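Report on the following structure.
Order of listing sets the numbers, starting from 1, for every ligand and every atom in it. These numbers come from a predicted model, not from an experiment.
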Amino acid sequence: MKKGSLLIISSMMALSMYAQEVAPIAIIPEPVSLEKRDGKFLFTAQTRIEAADRNPDVQRVASFFASQVRKATGYQAAIQSATAATRTNVVSFVLNKGVEAELGTEGYRLEVAPTQVVVKANHPAGLFYGMQSLLQLFPKEIESNTAIARKSWALPAVRITDQPRFGWRGLMFDVSRHFFTKDQVKQFIDDMVKYKYNLLHLHLTDDQGWRIEIKSLPKLTEVGAWRPEKTGTFGTFSAPTADEPKTYGGFYTHEDIRELVKYAADRFVNILPEIDIPGHSMAAVAAYPELSPTPGTYRVSAGDKFMQWNGNGTFYALVDNTLNPASEQVYSFMDKVFTEVAQLFPFGYIHMGGDECAKNFWEQSDAIKQLMQKENLKDMHEVQSYFVKRIGKIIESKGKKMMGWDEILEGGLAPGAAVMSWRGIKGGKEAAAAGHEVVMSPNSNVYIDLMQGDPAIEPPVYSTVLLKSSYNFEPVPEGVNPKMIKGGQANLWTEQIYNTRHQQYMTWPRAFAVSESVWSPKDKKDWNKFIAKVEQHFERYDVAEKKYATSMYEPLISASWAADSTVKVTLNAQIEGVDFHYSFDNSFPDNFYPQYKGALSMPKDAATLRVVTYKGKMPVGRTVTITATELKNRANKNKK
Ligand code: ACM
């Protein structure tokens, strides 16, 4: 035999062996129960996909599965609706047969055996989640957007029984600070459902843009959706001038919203609309200045500074961005807004914001002083509470329940309102104790707009939430009646997020972590196991060409002054099993450079410290560079 043909045969063997290898099992979020079985199922061009029910929702779930596998495998697997006589080489989606009622509406059973794969559930949503777990059992190349030639795709034999811990598994997407198109929102939905999220909270209005068409109030989008385009560090830009072209922005028409609602519903996702009032309303008052308690001309904020944040939770407005709680015109305006919002979104709740409303202009307003006298309101909290209660009545009159950020508790909250706790867990505890439904989204754990690693390398945001904090998110605080906690969600504010690539970077892997907090049983969570799974999902993201943050590999750097007046530098790992190598000579270190074993003494004349991370012989994450000046700053802060 010629050498060439030997080579061809051995590479064919390698190819077919490779094709039959099963991927490590790495399902996120961790299922309730997963038993490994012997053997594997080979998905081939001959595998049938069966939707064993005429129910259109079941047909749709099967077709989602078929289209994903078609895209990656190139197999033209068609969906068959009738149960064929032969039970081999088939993937079937079966509704309502032989599954315990306790699995509820979102639970599922997934059995992968060498002969067949069966997903069973009481409800199509359960089949959809079973399908997501099934896709995660395929080799990572199943995430490919183009066909990969393989004879077969091997799946490990397993039996999974699974159901969510919470019914509210949310991600909030701020489409106001930066606008994301309808198709980008659909992509966001596609990404979130892979991790079994079922609620998309759309933050539709804020100072920087009004993003939903209100037909009876056209200026909201004619004026409120547009602003000058600025790039750099949001919050520090120059204030927009009267003649600056307003080229940046956008909004969703009624048609767009209906399309998004349907797209989400097809994937078992509810959309919670948020109209953020009475603060965060600069875009609304730019369109209708008569809604402001402070007469003047307003412009949609373009990322300029107009609030003074004192760093201790207190703040005041430099420009009034509020609605006037003493104006009847404001309530009839909001009635119009909520009439259309309620018609567009079938979900049972409407979020009215209520957060961070500056009161300093309210304190100056004669109309508000008169309102306080008339209604016997003793302070600004009670004024806001008066506003919130009236808004609650409007929202209820549209057949919806009102939800708001935890500030709506201040000054007293009407019964029936639900609270989203963001300033830690205090508001959530208080609201639950007072009998209000609560969704937990504490900024300490699930604010995924914040930095996720050392500020020396992360795009700057004012604070940090590490992956481990997100993983430690526990939606039911100690001492709280779990029945009052509807679930949890992570929030993606977009002041510093200009595009979808960075949106992905900020969301993943922290939203992997939060998915385990809201889906998996508490006692199934395991940080080290989670990290091993995250690494598998990073590989899947590489195949899918989606972006994610590698920050978990990179060191957290602290510095202090040693007794001999040198700077002592400590590198802290976020995960186990990584080594750091460093340089102080400006060159880029690799694994032949000194390995970090304990606190470093910075050479007196060093200009930079550079650190690279290795797992074994493989570099992981990014090289972090920090200047000597910054290290000294950190050492000085440490001294205080
Ligand atoms: C918020 O983060 N202001 C709800």
Side-chain angles (χ1 to χ4, degrees), residues 168 170-178 199-211 234-235 272-284 301 303 305-317 321-323 349-359 381 384 387-388 391 402-410 413 417-431 436 438-452 461-465 469-470 473 475 486-497 503 506-507 510-511 514:
W168 184 297
L171 287 180
M172 189 216 72
F173 193 10
D174 169 6
V175 290
S176 169
R177 270 50 178 275
H178 282 101
L199 185 121
L200 173 63
H201 170 171
L202 279 182
H203 183 76
L204 287 164
T205 72
D206 213 303
D207 302 306
Q208 292 81 8
W210 184 283
R211 305 290 177 215
F234 198 91
L272 169 72
E274 181 186 352
I275 305 295
D276 197 354
I277 52 172
H280 287 275
S281 292
M282 193 85 96
S301 169
K305 178 176 167 169
F306 66 89
M307 295 284 277
Q308 177 64 43
W309 302 96
N310 299 325
N312 57 0
T314 65
F315 54 88
Y316 59 91
N321 66 338
T322 68
L323 302 184
Y349 294 78
I350 290 178
H351 198 302
M352 53 71 63
D355 60 318
E356 298 177 326
C357 178
K359 309 294 188 331
H381 284 326
Q384 170 146 335
F387 176 86
V388 170
I391 293 299
M402 182 178 80
M403 182 172 276
W405 299 109
D406 54 65
E407 285 94 331
I408 66 171
L409 286 162
E410 291 163 356
L413 179 56
V419 171
M420 195 169 263
S421 183
W422 76 277
R423 294 177 301 176
I425 59 174
K426 188 170 157 283
K429 286 171 86 167
E430 198 182 312
H436 298 281
V438 172
V439 172
M440 295 302 290
S441 62
N443 52 1
S444 49
N445 299 75
V446 294
Y447 264 41
I448 56 173
D449 59 315
L450 302 179
M451 293 183 290
Q452 50 198 316
V461 190
Y462 55 87
S463 186
T464 303
V465 166
S469 304
S470 293
F473 170 46
K486 295 180 74 63
Q489 70 175 44
N491 296 336
L492 187 67
W493 302 101
T494 59
E495 286 97 323
Q496 309 295 347
I497 301 179
Q503 169 260 304
M506 297 304 283
T507 309
R510 285 181 293 188
V514 177

task = Could you say whether the N/O atoms of His280 and ligand 1 ever approach to under 3.5 Å?
result = no
key: Result of checking Lys486, Glu274, His201 against Tyr349 for side chain to side chain donor-acceptor pair (under 3.5 Å)   = Lys486
request  = Using distance alone, determine whether Asp355 and ligand 1 share an N or O pair under 3.5 Å.
outcome  = yes
inquiry  = So does Ser469 get a backbone contact from the side chain of Asn445, meaning a donor-acceptor N/O pair under 3.5 Å?
reply    = yes
ask   = Got the closest protein heavy atom to atom 2 (O) of ligand 1, with its distance?
value = Tyr447 OH, 2.7 Å
ask   = Where the side chain of Thr494 meets the backbone of Asp174, is there a donor-acceptor pair that is under 3.5 Å apart?
value = yes
inquiry  = Does the plane of the ring in His280 sit parallel, tilted or perpendicular to the ring in His203? Use 30° and 60° as the thresholds.
reply    = perpendicular
